[in-house]
Amino acid sequence: MGKTAAMARSPSAHEEPIQVRLDTRKDCWLAVSYMPWFQYDASAGQGRGIATPSKTPGRLRLKFSPSDLHIPSLSWRTTSVGIIPLPPGIAIHIHPQVLEGWMDEKTGEVQLQYDSRFSAAIPCYSPPSIHVACTLSTEGRIERGNREFKGLRLQHGHVVLVGKATIPATGHWLTDTLLQLPAQCCCVLSATLSFEEAGQHGQLQELLVPEGPE
């Protein structure tokens, strides 16, 4: 029986919220406007939320609290283009405002609405923050330059969500000119999902069992 095997008791029938934890991983990617792909190590990030039954059978609603979401800044410690890190002294801080959506318990499909502000710390320059809002999905696919990324449904606790957004102009002439705003932003979020008391819900547990050795 596979990882999406049928279960006797669906967690959607469980009325109590299930605590859910999100841990971001090191294999994340980000591309903004004309710039190349940035490889981004988000392994220090985490967030907590709740999973509740959805009106759609077989789905759980996921909602993460912005105050409990920590996503590492893009800096020379976490971010590079190829083997070249961001210059020291430059950092882009991420301020999540919304992260919520749903997960299909049987297939592992996940879709999240993501809304965040990005503020840059640059010596001798104080640009305005930019706003990014997009749908991150395991069913997404991005082709840009010589790279292609596809989402990954929840398997062994691991999920990959991809999405695109249009970054609006800020109204700040220099920032809009440098980034050629409005422009497209592409995101690849690799993460681990874990659920408290998931062992009580057989099918959900099937999606979360760590992958064993080959």
Side-chain angles (χ1 to χ4, degrees), residues 22-47 62 64 66 69-101 110-123 125-154 158-170 172 174-193:
L22 172 79
D23 291 278
T24 49
R25 296 162 61 115
K26 67 183 299 180
D27 47 336
C28 298
W29 296 80
L30 181 71
V32 177
S33 188
Y34 58 88
M35 297 181 185
W37 281 103
F38 291 91
Q39 188 169 4
Y40 170 45
D41 179 356
S43 57
Q46 65 176 17
L62 305 178
F64 295 89
L69 271 174
H70 168 70
I71 300 179
S73 300
L74 284 74
S75 69
W76 67 272
R77 296 179 183 274
T78 62
T79 310
S80 63
V81 178
I83 61 172
I84 303 174
L86 286 185
I90 294 178
I92 300 172
H93 307 297
I94 303 172
H95 311 279
Q97 297 176 310
V98 174
L99 186 63
E100 60 183 49
V110 179
Q111 182 173 297
L112 297 175
Q113 300 300 316
Y114 176 66
D115 194 319
S116 184
R117 285 190 309 105
F118 289 68
S119 61
I122 301 174
Y125 176 46
S126 298
S129 61
I130 62 174
H131 177 233
V132 176
C134 68
T135 300
L136 297 171
S137 172
T138 54
E139 311 309 292
R141 178 174 172 270
I142 294 174
E143 281 189 86
R144 191 178 190 274
N146 61 352
R147 293 190 181 275
E148 178 182 357
F149 295 96
K150 295 180 180 179
L152 174 70
R153 294 183 178 187
L154 187 64
H158 180 210
V159 66
V160 177
L161 301 153
V162 302
K164 298 179 182 179
T166 297
I167 302 174
T170 66
H172 186 272
L174 183 56
T175 298
D176 293 346
T177 301
L178 290 175
L179 295 179
Q180 297 183 7
L181 301 180
Q184 187 180 78
C185 172
C186 301
C187 307
V188 180
L189 176 66
S190 179
T192 299
L193 286 176

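The structure presented is a predicted model; accordingly, all values stated were derived computationally and were not measured.
Rounding to the nearest 0.5 Å places CE of Met35 at 10.5 Å from SG of Cys185. Once rounded to the nearest 0.5 Å, the distance linking CD of Gln97 with CG of Leu99 reads 12.0 Å. Expressed to the nearest 0.5 Å, how far CG of Leu189 lies from SG of Cys134 amounts to 9.5 Å. For the atom pair CG of Asp176 and CG of Leu181, the computed distance is 5.0 Å after rounding to the nearest 0.5 Å. The line from OG1 of Thr170 to CG of Leu179 is 8.0 Å long, rounded to the nearest 0.5 Å. To the nearest 0.5 Å, atom OG of residue Ser75 and atom CG of residue Leu86 are 7.0 Å apart.
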Task: Worked check of side-chain contact (heavy atoms from CB on, under 4.5 Å) between Thr135 and Gln111 - done: CA-CA 7 Å; Thr135 300; Gln111 182 173 297; 3.5 Å; yes
Open item on the list: The test is side-chain contact (heavy atoms from CB on, under 4.5 Å); show your working for Leu154 and Thr138 and say whether it passes.
Closed with: CA-CA 8 Å; Leu154 187 64; Thr138 54; over 6 Å; no
Task: CA sep, side-chain torsions, deciding dist, call: Thr78, Tyr40, side-chain contact (heavy atoms from CB on, under 4.5 Å) - done: CA-CA 6 Å; Thr78 62; Tyr40 170 45; 4.0 Å; yes
Open item on the list: Checking Val132 against Ile167 for the side-chain contact (heavy atoms from CB on, under 4.5 Å) test, could you report, in this order, the C-alpha distance in whole Å, the side-chain angles of both residues, the deciding distance, and whether it holds?
Closed with: CA-CA 6 Å; Val132 176; Ile167 302 174; 4.1 Å; yes
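Panel note: side chain Thr24, backbone Ser43; no donor-acceptor pair is recorded below 3.5 Å.
With respect to the salt-bridge test (charged N to carboxylate O, under 4.0 angstrom), the residues Glu139 and Lys150 do not qualify.
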Considering only distance and modelled atom types, tabulate donor-acceptor pairs under 3.5 Å from the side chains of residues 114-122, sequence neighbours left out.
{"residue": "Tyr114", "atom": "OH", "partner": "Ser116", "partner atom": "OG", "Å": "3.2"}
{"residue": "Asp115", "atom": "OD1", "partner": "His131", "partner atom": "NE2", "Å": "2.6"}
{"residue": "Asp115", "atom": "OD2", "partner": "His131", "partner atom": "NE2", "Å": "3.4"}
{"residue": "Ser116", "atom": "OG", "partner": "His95", "partner atom": "O", "Å": "3.1"}
{"residue": "Ser119", "atom": "OG", "partner": "His95", "partner atom": "NE2", "Å": "2.7"}

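Shortest non-hydrogen contact noted between Gly89 and Pro123 is O-CD, 3.4 Å. For Leu152 against Val159, the heavy-atom pair with the smallest separation is O-CG2, 3.3 Å. In terms of heavy atoms, Leu178 sits closest to Tyr34 at O-OH, 2.7 Å.
Two residues are said to be in side-chain contact when any heavy atoms from C-beta on lie closer than 4.5 Å; Thr175 and Pro128 meet this criterion. In this structure the side chain of Leu74 reaches within 4.5 angstrom of the side chain of Leu30, judged on heavy atoms. Residues Gln39 and Val81 have side chains not in contact (no heavy-atom distance under 4.5 Å, counting atoms from C-beta outward). Considering only heavy atoms from C-beta on, Trp37 comes within 4.5 Å of Cys186 through its side chain.
Ring orientation note: the planes of Phe149 and Trp29 are tilted relative to one another, at an angle of 30° to 60°.
Counting non-hydrogen atoms of other residues, nucleotides and ligands closer than 6.0 Å to CZ of Arg144 gives a total above 12.
Side-chain contact of Ser73 with His93: a donor-acceptor pair under 3.5 Å is present, judged by distance alone.
With sequence neighbours left out, the side chain to side chain donor-acceptor pair (under 3.5 Å) criterion links Thr79 to no other residue.
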